[in-house]
Structures are given as C-alpha cells and as structure tokens.
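We're numbering straight along the sequence, starting at 1. As a basis for the values below, the full set of heavy atoms in this structure was taken, side chains included, without hydrogen atoms, waters or symmetry mates. Computed from a prediction, not measured in an experiment: that's the story for all the values here.
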Amino acid sequence: MAKKASDHFKTWANPNGPVITTMTRPVIEADGLYFKDIDGSGTVSEVNDWRLPAAQRAAAYVKQMTVDEKIGQLFISDWRMGQKYPNPTYKEHVVTPDESGVLDEGEVFTKLIFGEMHLPGTSTLIKEWFARHTILRENASPEDLTDYLNQLQAVVEECEHFVPVQAASNSRNENGEAVFGMNDAGGVFPTWPGTLGIAAAVKGAGIEAADQWADAIRRSWEACNLRKGYMYMVDCMTDPRWQRSYGTFGEDTALICEIAEHIIPRIQGSENGVTADGVAMTTKHFPGGGARENGFDPHYAAGQWNVYATPGSLKKYHMPGFAAAVGKHTSSIMPYYSKPAAQKSASQQDFEGKDIPLEPYGFAYNRVFIHDILRGQMDFQGYVNSDTGIVHNMKWGVEMLDEPERIGFAVNHSGVDLISGFFDNAYGREAYDRAKNGYYESHELPEGFTPDMVTLNDECLDRAVTRTLTEMFELGMFENTYRDAKKSAALCENQEDLTNADRAHHQSVVLLKNDGILPLTAEKYAGKKVYAEAFHKTAEAGEAATRALRDMLGELALTEKLTLTDDYNEADIAILFVNPSSGEYFSATAGYLELDICEGKEVHDVDSFCRPMAETHLETTLTGAKKIAEIASAVHARNGKVIANINFHLAWLVGNVECYADALTAGFETNPDATLDVMFGRFAPVGKLPFTLPRGDEVLAVNAEGICISPNDVPGYDKDQYMPDELKDENGKAYAYRDEAGNYYELNFGLSL
C-alpha cells in the first residue's frame, strides 16, 4: 500500500450521528444517512446500522465469522511499528517497511520472559492470522503514532470482515523511567508525576488534580487513535517490597476508590462506559496484587503466591478498588498472575459474607474469583483481559496442563475473554478441535480436570469475541476509523493540559521535615555558598542528574544572589537529590527487595520458599550513599544546612538520609524544577504521603518459616495492630518511621510552610 492512510481517508458526516471515515470500504447512503459496509453485505444490516446498540451489533457480527477469525481475536500481543521506531523487544530484527514506510512487513523470532514465538509481517498477521488486538510499546511522536495506527486500519479494510485493530498501551502520561510492561513510553503526551505523585497531590490539593490528568489522557490518546489503555492499577499497596508499588495510588483504599471513580468516566467518556470520543480502560490487577509474599513479584516463580494472612483483608483492603472501577463501568479487568496461598492465608470472605475457596490457580484461571465474585457478585459487564504470558511462562497453578488446555481452561472454564502474551492461534485452534476429534479418548487429563473445562467451544468463543467487539463498537472504531495525523500533535500539546501537569508536579511535593531553613529565601542564602549533588543507583546516572540539577540552579543564580560551589567543604547550604533504586522488574533479587537507602549493605539470601538463608550478599540502592554523611558533616561544621529530596517509587527506609537533613522533601517521579520551586518558596508545599514509610529492617523482618513480622496483606497505616508489643513506642506505634522532630512518616503526613 503506497499511500499513507493519514493522507487519503475520506469522511462522511451524519447529522446527529457518527462521522464515517474510510479508505477503501464502501459507504452506504440510506434514509439521508451514511453507513459503512462493515460486513460486506452492501446493506444497512444489523452489523452496519450504527443506530443499534453496540452489543446487538457485536452479537450479530460474531454469527458471520469463521472459527479461525474468532480464535484470532482471543489473543493480544506486542506488535511493531515501522522503520523509524525500532522496537527493543525485537533486538536482532531488521525492519522491512511496507511501501508507505509505516508498517513492518518483516518476519521475526522473538524471545521474552513471557515465552518465544516466530512472527510474520503486519499484513500477514492482520489478513491471515486475523489478529485484531496488539500492544504498542514504542514512544512515537503523536503524528507518527497516528500514521501507524491509521495504516493498520487501512490494511484491515481490505479484509472480507472489517474489524479494526485495537492497539493497547501501558500508561504514557506519567513521568519516570521507561519500564517494559509498566510505563513503556513517556514525554510525548502531557506528563504528570507518577501515580504515587498523583495520589500525593490529590491528598493535599483535592481530586481536581486527578480530574485534569484524566481529561488530558482522554484528549491526547483519542487524538492519536490510541483507544485502549492498560491502566490504571487500583491495587492496594500492602507489602512495601513489591516492585510494582510505584504504579499504584498507594495504600489508602478510600483514596484508591475515589481516584478510580473520578478518572474512569473521564477517560472512557461517560459514567456509563466508553464513548466515541473516549479511551477504554483495563483496570488491574484483580483481585489486588499488593498482598505479595514478602514482596516477590509473580513475573517469576518465587512470587507466584498472594498471601492473605489477615482475616478479611481481601474484602477490606484489596477488592474495594475493583468494586469502585466496576461501579463506574470500567471496560475491562485484568487479573493478576499470582495464585492465593491457602495454607498461609486466613479466612477470607466475599461480598456476600461467605468464605472464599482459595483454590491454587493463578487468578486468570480462577473461576471463583472471575466468574463467581467479579461477574456474579460485583456484576462486572465488561471483558476480562489476562496479564501477559499466562499461557507460557507465568502459568502458575496450571503447570500440569499443556498450552491448548491452558487456553481452554482460561476462556471456557474461568471466563477470560482476551489472553495477553502471544498470538497463540494454533494452540487456540487445537483447543477447539480437541472438543470434537476424540482427543481425550486417548489422552488423560490431570486429576480434577475434565475435557469440557480445558477445550474451546462455539459458545465460549462467541461470548469472548462479542464482548471485545462490543467495546470497539461503543468506541466508534468501526465508523470513525481514522484520525488526522497533522492535527494530533497540536491536540497533544494543549496548553491547559501542560499547565495542569506542571501544577500537579508542584502539588505532589511532600514536605517531611523542616527546621526553618525552608523556604530558602534570598535573605537566607545571601552571602552563602550553595552546593548541589544528585545521587542515583549508578554513578553515571548520578553524574548526569547532578549536571542537570546544577544547571537549574545556575539559571537561578543568573537572576538571584545565589553563589554556587563545586566543593561541599566550603558550602553553607547543600541541596541533595536522592533517587534510590532496588531490584529488577522481571527477575527475583537474591534476597528480599532492599528498601534501605544504602551502599554495600550485607543482607541475607532467600531460598525458593521465601525463607532467609545463612548466606549473604551486598546490596546497593544508591551509589554514593555514604557520601551524604560526609557532605552533611562538612556543611554542619560551618553551621550550615542540608536540604534533601528523596524520590519515592518504593517506600524507602529513609534513616540514612533523614538524620543528616535539616529539611527533607519527598517526590514521586516529580520534576526536579517543581521540587526546587518548593524549596525556594515559589510554591507552598501541599502534598501528603500516599503510604507509610517503614521504620527500619526490624518491621520487615522475616522469620525462619518465611513469615513477615508485619503482615503482607495489610497497608502500612493499619499494621501496628498486628505488630509485637516490644516494637511499639510510647504512642503504641511500631511500623512507621519517626524522625528527629518526633513526626511519624505515615499515610497523610506532610508539613506546611
């Protein structure tokens, strides 16, 4: 296809109806209205008639599709843009562009932690594999992103049955390091602080900060034709060592619910679900990923268990956010990889007060949670989209089944509608054929499984595809298929959104400690020398951040009487930006995820059962951590002051920084210039902590049986009631960090000026 769809699609406007855009699909005129010929019938059929309810159109369309077309729509996986944006997922792949230069028509073998697969070019994937769900990870410009998504739809229009390609993406409107599978892209759309920063801002400044964020997401995504977001996490943060804590809204269940109830309608377009100018949301990770076994993540085997050690914790802390999301008609729910650990868990109740059977199946395979609780009790009407890799590598609880059986068990038995990982059409077809070809007359299944539980049939295929098609009809993707690439960039640079994002960065700053040095006014720094340094996990990152920090202060020095020095031994004021990092997203650490801000700390290894071992290793979360004490000693010797900021994407143990700081602020992937504005009195701090900071290693200690002294399933603000009396102070508090001024760094804490 030589012509770019972005330049050549045609438009028909319906009075009081949808805009029709198409490249090659016929348009039918009837009753003074325009209808796209979606099903190729040439008539205003039940499928083509946009006046009918989306669910009715979807159900009618499914009846026209072949089995293979329906199986193709069961799967969602990564896909590739064209030549301009090579995807690091496909490291050794040489892009073969189509004639427009937008699509990638090359073949590639991909191997990830989720599994491995040989993939065709884009046209083959769309026309022969009938893939209609993809995950986009490249960080393209708005115009290039629009071009790419438009071109996908142009290829789809050439198929007998027109079903748009729906590209999903992880969040793109938050600041922070790009992490595969979390925030794959950033810096192109209007950029807010991290989700913890959103929570900090909302706690201090009100829900308007989240409302403005959600409005910007809808505008920027819809402008580029990106119509589905794997976002946001409503998991309650209960074990602080969980790597994905930084993608949550913290530990306050009430706040999590409030934010979900506000952002879902604003992003999707209405209180009743998605609209033609909205973006569909996939809320994750049901029934809550925060109850990690000592922090280990279920991307790897050591973290495959969710532990509910506290009676009633599931209903009290972990599921309310999902109930709030369902109440606002979130389009999709994503179950987590993990499985409940019945032997380590206390009694848990559902929404009817009945005990929940904690069957040892990953939640995408867990009928009790998906069918009985999510759909039956919570009345969820959308579709269930699994997390990535459940068929191959993250198959927790169903290792005894083969790939076709896992697909059948997830879709037919548990109620999953869309499986993320790979385009497993061949396995899906095998699961369908086994129900009809007598396969299980000669093949035994593991105990507890029957053929009808692990195969696909027409009923479950129609159910799943109808649900995902309904979303696309509601989004108007069948009618208004294209967007203007030249306009998308301007729409993504909305000045109001940029202003609101900047304000949210300022509002996210939490003032934790202040002996009077802040705000740092001209009177306080006049005639004094200021030293600045930034610290990161690696020395290289720290050096780069230090140069950027000093450049910002250098700009201030041009207009203010601010004297900078590169030698902390002659400094009267030191400004230190501390950005620790711990662990890796997709692999287990040798010990428990280290939360201490430390350098070369000796810690214990952990065995495969999450129990501490005698063997040890060294951990560093911040290169140069020991230098902080040296700087503070030199500055304090001159009767000077140390001002520090810590970036929180985990609930760090702050003792190695707080004791040296005269003033301490917290940021959450907050822009450094916003933090400096707070330090220099250009913005009064309003942010409040969205979680409780642990006191020290003693409140995270794990015994020989692998049981943590503070329960994994209870948020920090509520842990004290389960802590040993010998750890409690005169105020009955054990868990939260207490600073030199006597303040507890717990949920909702934050000083004012």
Side-chain angles (χ1 to χ4, degrees), residues 200 204-205 502-503 505-535 542 545-579 624 627-648 654 656-668 670-689 739-743 745 749-753:
D502 182 64
R503 184 187 305 112
H505 278 277
H506 287 77
Q507 292 169 336
S508 72
V509 178
V510 179
L511 180 59
L512 295 175
K513 181 180 181 181
N514 187 23
D515 72 347
I517 183 63
L518 297 184
L520 194 59
T521 60
E523 291 77 15
K524 292 177 182 177
Y525 60 72
K528 300 184 183 299
K529 293 183 178 180
V530 178
Y531 174 83
E533 186 168 358
F535 300 85
T546 296
R547 289 193 295 271
L549 176 60
R550 291 175 179 175
D551 285 345
M552 293 179 202
L553 291 170
E555 292 180 9
L556 180 64
L558 294 176
T559 57
E560 305 290 340
K561 294 179 180 179
L562 184 67
T563 304
L564 302 179
T565 178
D566 292 337
D567 184 359
Y568 62 79
N569 289 296
E570 62 179 32
D572 303 291
I573 298 170
I575 298 175
L576 309 179
F577 273 58
V578 177
N579 190 359
K627 186 179 179 182
I628 294 173
E630 298 173 8
I631 295 171
S633 177
V635 173
H636 288 148
R638 295 169 57 84
N639 294 317
K641 300 291 185 179
V642 175
I643 304 166
N645 176 79
I646 301 174
N647 182 48
F648 288 89
V654 299
N656 290 335
V657 177
E658 182 273 326
C659 66
Y660 301 114
D662 302 288
L664 180 63
T665 60
F668 308 88
T670 302
N671 285 338
D673 58 352
T675 304
L676 288 175
D677 279 348
V678 170
M679 291 178 176
F680 281 86
R682 293 191 289 264
F683 190 91
V686 296
K688 305 297 180 185
L689 283 177
D739 71 10
E740 291 180 330
N743 292 314
Y745 292 175
F749 177 73
L751 300 174
S752 301
L753 291 177

Would you call [X] and [Y] a side-chain contact if the rule is heavy atoms closer than 4.5 Å?
X: Arg682; Y: Leu556; result: yes
X: Tyr745; Y: Leu664; result: yes
X: Leu564; Y: Arg550; result: no
X: Met679; Y: Val509; result: no
X: Leu676; Y: Leu549; result: yes
X: Leu553; Y: Tyr531; result: no

Quick check: closest heavy atoms across [X] and [Y], and the distance to 0.1 Å?
X: Ile517; Y: Ala663; answer: CG2-CB, 3.5 Å
X: Gly750; Y: Val510; answer: CA-CG1, 3.8 Å
X: Pro685; Y: Leu753; answer: CD-CD1, 3.5 Å
X: Thr670; Y: Ser508; answer: OG1-OG, 2.8 Å
X: Ala574; Y: Val635; answer: CB-CG2, 3.9 Å
X: Pro672; Y: Met552; answer: CB-CE, 3.7 Å

Checklist line | Any residue meeting ring pair (Phe, Tyr, Trp, His ring centres under 6.0 Å) with His505, in chain and number order, not counting sequence neighbours | finding: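 None.
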Check: What residues form a ring pair (Phe, Tyr, Trp, His ring centres under 6.0 Å) with Phe577, not counting sequence neighbours?
Finding: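 So Phe577 forms no ring pair (Phe, Tyr, Trp, His ring centres under 6.0 Å) with any residue.
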For the atom pair [atom1] ([X]) and [atom2] ([Y]), what is the distance rounded to the nearest 0.5 Å?
X: Leu512; Y: Glu658; atom1: CG; atom2: CD; answer: 9.0 Å
X: Lys513; Y: Leu751; atom1: NZ; atom2: CG; answer: 11.0 Å
X: Asp662; Y: Ile643; atom1: CG; atom2: CD1; answer: 8.0 Å
X: Asn569; Y: Asp567; atom1: CG; atom2: CG; answer: 4.5 Å
X: His506; Y: Thr675; atom1: NE2; atom2: OG1; answer: 8.5 Å
X: Leu520; Y: Leu562; atom1: CG; atom2: CG; answer: 7.5 Å

Next item on the list: Could you tell me whether a side-chain N or O of Thr546 sits under 3.5 Å from a main-chain N or O of Gly542, the two making a donor and an acceptor?
Entry: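 Judged by distance alone, yes, a pair lies under 3.5 Å.
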Next item on the list: Would you sort out whether Val678 and Leu511 count as a side chain to side chain contact (heavy atoms under 4.5 Å, CB included), showing the intermediate values?
Entry: CA-CA 9 Å; Val678 170; Leu511 180 59; 5.7 Å; no
Check: Do NZ/NE/NH1/NH2 and the carboxylate oxygens of Lys641 and Asp515 come within less than 4.0 Å?
Finding: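 Salt bridge flag = yes for Asp515 with Lys641.
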Check: Where does the angle between the aromatic ring planes of Phe648 and Phe668 fall among parallel (under 30°), tilted (30 to 60°) and perpendicular (over 60°)?
Finding: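 Because their plane-to-plane angle lies in the 30° to 60° range, the rings of Phe648 and Phe668 count as tilted.
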Check: Residues two or more places apart in sequence or in another chain: which of them pass side-chain contact (heavy atoms from CB on, under 4.5 Å) with Thr521?
Finding: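 Thr521 satisfies side-chain contact (heavy atoms from CB on, under 4.5 Å) with Pro519, Glu523, Lys524 only.
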Next item on the list: Kindly determine whether Val642 and Tyr568 satisfy side chain to side chain contact (heavy atoms under 4.5 Å, CB included), including the steps that lead there.
Entry: CA-CA 11 Å; Val642 175; Tyr568 62 79; over 6 Å; no
